[in-house]
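To start, the structure itself, in structure tokens.
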Amino acid sequence: MERTVRRIPQNEIQDQLGYMHKVRSIVSKKAEQRGSCMKYCVITYGCQQNEADSERLSGIAEKMGYVQVYSEKDADLILVNTCAVREHAELKALSVTGQYKHLKEANPELIVGIGGCMVSQQRRCDDIKNSYPYVDFLFGTSMLYRVPEFIYKRLTGGKRGFYSEFGAGCIAEGLPVKREHKHKAWVSVMNGCNNFCTYCIVPYVRGRERSRYKEDILEEIRTVVNDGCHEITLLGQNVNSYGLDLPEYVGKYDFSSLLQDINEIDGDFIVRFMTSHPKDAKKELIDTMARCEKIAPHFHLPLQSGSDEILKRMNRKYTSEYYLGLLAYMREKIPDICVTTDIITGFPGETEEDFEKTLSLVSIARYDMIYSFIYSPRPGTPAAEYGDQISAEDKNRRFRRLLDLQNQISYEKNLSAVGKTYRVLCDGLSKNDGGMYTGRTAGNKLVHFPCNEDMTGRFVTVKIAAAQPYALLGELVQSDISQ
Ligand code: 5AD
Ligand code: SF4
């Protein structure tokens with residue numbers, strides 16, 4: 001299939017700004033007639049890239065005069081940003097969408113748009129088109145920038161619309177954004193994936209790799225830092241391929257160069273990035289991290305499996321030995337680095353012996369944290385067709401064993417932090433414990449600490465007093481009054 005990567009010209013973005021303006025007039029008239037503002041709700045499933053895309057949807061809705069609410073039942077416009085990486089995420093989004101039928105009955109003027117990775121697949125588009133008649137429009141990942149136009153059409157009596165270019169990708173600069181937080185920001189550097197790991201749907205729903213121009217990225221970072229942002233997370237399905245799709249960058253400017261340039265921006269902030277593919281995470285990148293003080297000592301390096309046989313069947317293009325070599329280099333150059341990973345249990349054909357190899361690699365690697373996933377067959381990917389699928393029982397059992405092992409390692413690693421002092425960026429009050437504030441170290445470790453003053457969005461210094469498997473408990477040593 002020929003796939004297109006389009007850089008949306010600014011005149012098309014201007015057209016969309018025009019639609020936003022027109023919708024705004026309609027929305028303000030409606031609000032005046034009924035004596036209350038029109039409200040929108042954005043629901044997000046899936047990864048950080050989706051979170052970042054949803055901040056653009058919120059920005060668009062605000063520009064159109066809608067006011068944000070967090071419950072769909074209060075909304076006049078619902079936008080759902082879906083995920084397709086595992087079946088569970090799709091079923092959840094479909095079940096939630098099913099509930100909008102009642103909302104539409106109660107409020108016939110309600111507009112429902114479903115977007116993102118799930119609806120970038122033909123079969124899911126067909127499902128929604130045929131079985132969810134109260135959904136007003138669908139927008140695949142490459143159609144997000146046209147959401148203002150779709151809403152305008154529907155508000156002015158247009159038909160239901162299904163806008164998905166399967167497997168396509170685009171780059172749209174200049175859309176409004178409403179960021180969820182002031183102190184931390186997602187900044188996308190590239191999007192799409194060329195790797196075609198055999199289990200993964202992402203290359204089919206987000207299209208080929210495409211990088212943003214460095215000037216646009218650096219400008220976005222300067223803007224958020226000037227607005228008080230202290231933590232930037234650079235996003236991309238494989239950030240290590242940054243620039244490889246831009247002929248003028250090849251051999252001259254890559255992800256390491258970008259990190260170097262970001263490091264030179266003035267301001268008190270740290271930078272993380274995700275996700276890296278081990279085959280493309282080069283020593284030069286690690287050297288750059290070691291050199292640049294603003295780049296956080298945190299590396300998310302998805303392993304997926306510790307068995308070379310399974311890695312081959314996954315089309316990962318590295319071996320466990322190569323992976324461990326990379327890890328050793330990281331720890332040599334950046335001794336305090338926190339390393340996290342993704343692991344899939346129960347990939348087709350995974351024997352008990354293969355799984356033992358994963359456990360043994362996890363014991364050697366001693367990750368700070370892992371994100372483990374039970375293999376979920378994704379229709380359209382090669383692995384979904386493999387004949388040797390693993391039973392749900394075995395997948396679940398392996399998943400539990402992996403978690404038990406990692407819980408122990410995470411706990412031991414956290415215990416070694418007791419007595420140490422960290423600079424922590426405070427995220428706000430802890431959701432589980434009303435009296436405690438919560439934040440993250442530069443290595444991304446979760447820290448809870450009691451505090452009398454609201455420190456949200458500020459750096460604080462915390463001395464660690466106790467450890468849990470997934471969090472550190474500490475005491476405030478001082479708050480950074482410079483901010
Ligand atoms: N089943 C289970 N986990 C998956 N992932 C991607 N595709 C699948 C799948 N089909 C996991 C990988 C990836 C993370 C984002 O999601 O571990 O790194
Ligand atoms: Fe999926 Fe592999 Fe691409 Fe990651 S690198 S998005 S796992 S295909």
Side-chain angles (χ1 to χ4, degrees), residues 3 45-52 82-92 116-118 120-121 124 141 167 169 188-211 233 235-242 244-245 255 273-281 299-307 310-318 323 339-350 355 358 361-362 365 367 369-386 389-390 392 394-396 398-399 402-403 406:
R3 292 184 172 86
Y45 295 98
C47 65
Q48 288 87 353
Q49 185 65 55
N50 263 19
E51 302 270 352
T82 62
C83 171
V85 169
R86 282 170 291 279
E87 189 186 26
H88 180 73
E90 291 196 337
L91 297 181
K92 185 95 195 286
C117 292
M118 183 178 79
S120 300
Q121 305 166 94
R124 290 302 189 197
T141 51
S188 176
V189 301
M190 53 87 68
N191 210 323
C193 183
N194 292 355
N195 289 316
F196 289 94
C197 300
T198 53
Y199 51 82
C200 188
I201 195 73
V202 168
Y204 305 89
V205 293
R206 283 206 177 257
R208 294 295 67 70
E209 288 173 1
R210 52 211 181 265
S211 305
T233 304
L235 298 177
Q237 267 75 34
N238 179 15
V239 290
N240 310 124
S241 307
Y242 174 77
L244 292 180
D245 57 308
F255 189 59
F273 53 86
M274 63 187 354
T275 289
S276 292
H277 193 305
K279 79 172 165 54
D280 302 313
F299 213 113
H300 183 66
L301 192 64
L303 168 69
Q304 311 300 1
S305 169
S307 153
I310 295 296
L311 286 173
K312 204 183 274 161
R313 283 170 62 105
M314 288 176 160
N315 191 31
R316 291 289 288 176
K317 302 196 177 87
Y318 54 84
Y323 183 99
V339 185
T340 55
T341 199
D342 293 344
I343 294 178
I344 297 176
T345 61
F347 182 79
E350 184 188 68
F355 178 62
T358 300
L361 198 147
V362 167
Y367 294 106
M369 172 134 138
I370 66 174
Y371 300 87
S372 43
F373 306 101
I374 293 171
Y375 172 68
S376 168
R378 306 287 56 226
T381 61
E385 305 300 320
Y386 292 174
Q389 301 289 325
I390 305 297
D394 281 346
K395 286 199 262 193
N396 285 315
R398 289 175 193 170
F399 178 77
L402 178 60
L403 272 194
Q406 183 57 37

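Whatever order the structure lists them in is the order used to number ligands and atoms, beginning at 1.
- Contact annotation: the side chain of Ser372 never approaches that of Gln406 to less than 4.5 Å [non-hydrogen atoms, C-beta and beyond].
- For Phe196 and Tyr204, the distance between ring centers is under 6.0 angstrom.
- When Thr345, Asp342, Ile201, Val202 are checked for heavy-atom proximity to atom 14 (C) of ligand 1, Asp342 turns out nearest.
- The closest side-chain donor-acceptor pair between Ser211 and Asp245 falls under 3.5 angstrom.
- The closest donor-acceptor contact from the side chain of Ser241 to the backbone of Leu244 lies at 3.5 Å or more, if one exists at all.
- In Tyr199, the parts holding a heavy atom less than 4.0 Å from any atom of ligand 1 are both the side chain and the backbone.
- Protein N, O or S atom count below 2.8 Å of atom 3 (Fe) of ligand 2: the structure gives 1.
- Nearest heavy-atom pair across Val202 and Gln237 is CG1-CG, 3.6 Å.
- Distances below 4.0 Å separate heavy atoms of Gln304 from the following atoms of ligand 1: 12 (C), 13 (C), 17 (O), 18 (O).
- For atom 7 (S) of ligand 2, the nearest non-hydrogen atom of the protein is Tyr199 OH, 3.3 Å.
- Residue contacts with ligand 2 do not include Arg206, since none of its heavy atoms lies under 4.0 Å from the ligand.
- Shown here is Lys279, whose NZ atom has more than 12 heavy atoms of other residues, nucleotides or ligands within 6.0 Å.
- The shortest contact between atom 10 (N) of ligand 1 and any protein heavy atom is with Ser376 O, 2.8 Å.
- Contact annotation: Ile374 has at least one heavy atom less than 4.0 Å from an atom of ligand 1.
- Heavy-atom proximity to atom 3 (N) of ligand 1, evaluated over Arg86, His277, Gln48, is greatest for Arg86.
- For atom 6 (C) of ligand 1, the nearest protein heavy atom (residue, atom name, distance) is Val85 CG1, 3.4 Å.
- With Asn238 as reference, Asp280 is the one residue of Asn194, Thr275, Asp280 to meet the side chain to side chain donor-acceptor pair (under 3.5 Å) rule.
- If you look at Ile344 next to ligand 1, the close heavy atoms, those under 4.0 Å, all belong to the side chain.
- Counting heavy atoms of neighbouring residues, nucleotides and ligands inside a 6.0 Å radius, atom NZ of Lys317 exceeds 12 of them.
- Listed here is the closest heavy atom pair of Glu209 and Cys193: CG-CA, 3.6 Å.
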For a side chain to side chain donor-acceptor pair (under 3.5 Å) check, start with the C-alpha distance between Tyr375 and Glu350, then their side-chain angles and the critical distance, and finish with the verdict. CA-CA 11 Å; Tyr375 172 68; Glu350 184 188 68; over 6 Å; no
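- The shortest N or O to N or O distance between Tyr375 and ligand 1 is not under 3.5 Å.
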Evaluate side-chain contact (heavy atoms from CB on, under 4.5 Å) for Cys117 paired with Thr141, printing each intermediate quantity in order. CA-CA 6 Å; Cys117 292; Thr141 51; 4.0 Å; yes
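- Checked against a 3.5 angstrom limit, the closest N/O atoms of Arg378 and ligand 1 fall outside it.
- Ring planes of Tyr318 and Tyr323: tilted class, angle from 30 to 60°.
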